[in-house]
2 protein chains.
Amino acid sequence: MSDMKTTIKSVSIDLFFRKGYFATSISDIARGSGIQKASIYYHYPSKEALLFHILKCTMDDLTDYLQQCLAGIEGIETRMRAAVRGHVRFHLQRQKENFIANSELRGLTAEHYREIVKKRDAYELIFQDLIREGTKAGAFPEGDAKILSYAILTLCTAGASWYKDGGRLSVDAIADIYERFILSGLKQGRLDQGGNC
Amino acid sequence: MSDMKTTIKSVSIDLFFRKGYFATSISDIARGSGIQKASIYYHYPSKEALLFHILKCTMDDLTDYLQQCLAGIEGIETRMRAAVRGHVRFHLQRQKENFIANSELRGLTAEHYREIVKKRDAYELIFQDLIREGTKAGAFPEGDAKILSYAILTLCTAGASWYKDGGRLSVDAIADIYERFILSGLKQGRLDQGGNC
DNA sequence: GTCTATAGAGTGATAGAC
DNA sequence: GTCTATCACTCTATAGAC
């Protein structure tokens, strides 16, 4: 990807995050990139193509990252902890893109929308499978895997809407809090391994 | 409020929910309301004023509803359960408005933005106080009240983004799942009252 | 209280020079 | 690969008739 194409992309991510996709104009992106608005169209065929490109990369990287986090990890509870931490870390480290991926899907054409939702569904399925596996193994009580997966994901994703780089809490500290909260929620009053009574 | 003013408001809520504030034009609202676009301005001075009116009402009603839910309830854990249920119920019952209130703040003027954020902060403080009270009383372990309050609220709020009226699960069934998940998360491995060992 | 007509600015995108 | 110029359209909002 040429330098200018990368610049346009990162300027767009910043603007879409701060102002929203529809409130951001091609002129805004051109100004931020230091070129004229017509020049944007040499790199991307349309504003929607630019949005789609950002969302597609984000979703692909997210799924790759989760799979890396889970590779070689054994034991259902440990796997779930790794998945939660991975999800939180990716969302905080690439906050802007993830925020856009969760709020600007309406800017896509019908076809592109379906493609991104398909990727999102596949990602959610990984968590639903972990929940079902954990229930089967007796680590978690019976529960609605779909609702619980939404709960876990939206919880961690929400971090990307208030997290401030260099703020009071580090990425790891936040991941710790969420990991404990979610695992306790999933176990619902069952004792931790080792027990405390 | 006149009939047409009410119609314009509810048409706007529907459109802002489905298409987003910036992607909805005054023409769209007029078409949905069965009048010409100029007539909108007899009822509301601007598009932004219409958005602000919707957000203000939603926030005020939300806070009133929570206070009603908590009135006369004793015991910190019971109060937290009531608060969670109230938050979930309100968000699912007035799904569209709440979705807008959580995604379209950027459409407001700086002054109106501050006003809504102030209301939202006051609402969040109620939950933070419940958490702190619970920690002090020994019902919940030490934790970051701010992060935990965000966790609780975003979790329940997220329901408003996927809930379908008349779908697989009722409002009460969803409230049950969230209530259990959150209370377990807050207690973090502590035994339920009565214990299970 | 709703209409028609329009102002005035901005939008995404294209043509063609360099 | 970036520029200037512009097209065709849409936007919010206002003026003034009825």
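Remember, it's a predicted structure, so these values are computed and weren't measured experimentally. Letters go in sequence order (proteins before strands), and every chain restarts at 1.
- Ion pairing between a basic and an acidic side chain is recognised when a charged N comes within 4.0 Å of a carboxylate O; A:E77 and A:K187 show such pairing.
- We find that B:E104 and A:R106 are joined by a salt bridge, their nearest charged nitrogen and carboxylate oxygen being less than 4.0 Å apart.
- The residue B:S25 sits close only to the backbone: its heavy atoms come under 4.0 Å of sugar-phosphate atoms, none of a base.
- With salt bridges taken as basic N to acidic carboxylate O contacts below 4.0 Å, none links B:K119 and B:E115.
- As rounded to whole Å, 9 Å separates atom P of C:dA13 from atom CD of A:E48.
- Side-chain proximity of B:I26 to the nucleotides C:dA13, C:dT2, D:dT12 is greatest for D:dT12.
- Each of D:dT14, C:dC3, C:dA13 was ranked by its minimum atom distance to the side chain of B:Y41; first place goes to D:dT14.
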Stepwise side chain to side chain donor-acceptor pair (under 3.5 Å) check, A:S12 with A:H53: CA-CA 11 Å; A:S12 299; A:H53 177 68; over 6 Å; no
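- Rounded to a whole Å, the CZ atom of B:R31 is 10 Å from the P atom of D:dT10.
- Cation-pi geometry between B:K19 and A:F22 is not satisfied (NZ or CZ under 6.0 Å from the ring centre, within 45° of the ring normal).
- Checked against D:dT12, C:dG12, C:dA15, the side chain of A:A38 finds its nearest nucleotide in C:dA15.
- If A:S27 and B:M4 are placed on DNA chain C by their nearest nucleotide, the residue sitting closer to the 5' end is B:M4.
- Residue A:Y42 has a polar side-chain atom (N or O) positioned under 4.0 Å from OP1 or OP2 of D:dG1.
- A sub-4.0 Å separation between OP1 or OP2 of D:dC3 and a side-chain N or O of A:S39 is present.
- Across all strands shown, B:T24 has heavy atoms under 4.0 Å from sugar-phosphate atoms exclusively, and none from any base.
- Here the side chain of A:Q36 is nearest to one of C:dT2, D:dT4, D:dA13, namely D:dT4.
- Nearer to the 5' terminus of DNA chain D, by closest-nucleotide assignment, is the contact made by A:H43 (compared with the other of A:H43 and A:K37).
- Heavy atoms of B:S46 sit under 4.0 angstrom from primed sugar atoms or phosphate atoms, though from no base atom.
- The separation between B:F22 atom CZ and C:dG10 atom P is 15 Å, rounded to whole Å.
- Put simply, CD1 on A:I8 is 10 Å from C1' on D:dG1, counting in whole angstrom units.
- The separation between B:I40 atom CD1 and D:dC11 atom P is 13 Å, rounded to whole Å.
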